[in-house]
Amino acid sequence: MAPCLYWSYRAMINRHSLDDDELEALRDIASVAPRKPVILVVDNDRAALARLRRLVEGAGMRCVTASSAAEALRRILRDESALDLLVSGLGLEPDGPGLAFIRELNRSGSFLPIIVLSAPMPLGESRLEPPLNVLDFLPKPVDPVLFVSALSRSF
């Protein structure tokens, strides 16, 4: 670098130098970058899983997926602190995989909030008492507007 250009560059940097307080303030601001919520979506239908992933990511959130209750439970037990919400599309018929999965989560001590996606049930079968961590029930097939709205209300 030519000496003249070097000293001109140095002078420009020195004119715009920050003092210690300004540097500390800048470090504080830079270190508090907002974290995108992480949603775990579980569904045994791969096409539904792909649609839900697109909706979650389109809403500006991160999405991880699982195609079975066992896979989701392993992920939750391993990474629960990194997850913000569970969306379960597993069947919720009495003693079906969805209810068994939610019961297992409750037994494990998980406090992960849940949005349940379920096919409409006949009135006689809908007397399920929701666990405390279930925030919402949405019917399948999922209405994109209602789904994104439910995600937004969760935070």
Trace of the side-chain contact (heavy atoms from CB on, under 4.5 Å) decision for Asn106 with Phe101: CA-CA 9 Å; Asn106 287 335; Phe101 173 53; over 6 Å; no
Separation of Ser152 OG from Met61 CE (nearest 0.5 Å): 5.0 Å
Straight-line distance of Leu40 CG to Cys63 SG, nearest 0.5 Å: 8.0 Å
Point-to-point distance, once rounded to the nearest 0.5 Å, from NZ of Lys140 to CZ of Phe147: 11.0 Å
Arg46 atom CZ: more than 12 heavy-atom contacts under 6.0 Å: no
Partner set under side chain to side chain donor-acceptor pair (under 3.5 Å) for Glu104, not counting sequence neighbours: Arg107
Criterion side-chain contact (heavy atoms from CB on, under 4.5 Å) on Asn133 and Leu112, from CA distance to verdict: CA-CA 7 Å; Asn133 51 342; Leu112 190 61; 5.5 Å; no
Arg53 side-chain N/O to Val41 backbone N/O, donor-acceptor pair under 3.5 Å: no
Spacing of CG belonging to Leu77 relative to OG belonging to Ser108, to within rounding of 0.5 Å: 5.0 Å
Leu55/Leu151 under side-chain contact (heavy atoms from CB on, under 4.5 Å): CA gap, chis, key distance, verdict: CA-CA 10 Å; Leu55 289 171; Leu151 289 177; 5.8 Å; no
Shared hydrophobic cluster for Phe111 and Ile102 (ILVMFWY, side-chain gaps under 4.5 Å): no
Smallest separation among heavy atoms of Val42 and Ala69, with atom names: CG1-N, 4.5 Å
Salt bridge (charged side-chain N to carboxylate O under 4.0 Å, His left out) evaluation trace for Arg62 with Asp84: CA-CA 10 Å; Arg62 289 191 48 229; Asp84 298 299; over 6 Å; no
Intermediate values then yes/no, side-chain contact (heavy atoms from CB on, under 4.5 Å), Ile114 and Val87: CA-CA 6 Å; Ile114 303 170; Val87 175; over 6 Å; no
Salt bridge (Lys or Arg N to Asp or Glu O under 4.0 Å) involving Glu71 - partner list, sequence neighbours excluded: none
Backbone N/O of Leu52 and side chain of Glu57: donor-acceptor pair under 3.5 Å: no
Heavy-atom side-chain proximity of Ser88 to Leu117 below 4.5 angstrom: no
same_hphob_cluster(Val145, Ile39) at 4.5 Å side-chain heavy-atom cutoff: no
Test item: Leu135 and Val116 side chains (from C-beta on) under 4.5 Å apart, heavy atoms: no
Cluster overlap Leu146 with Phe137, hydrophobic side-chain contacts below 4.5 Å: no
Least distance between heavy atoms, Ser110 atom then Glu80 atom: OG-OE2, 3.0 Å
Distance in Å, Asp43 CG paired with Ser67 OG, rounded so as to fall on 0.5 Å steps: 9.5 Å
Value rounded to 0.5 Å, distance of CG in Asp136 from OG in Ser149: 8.5 Å
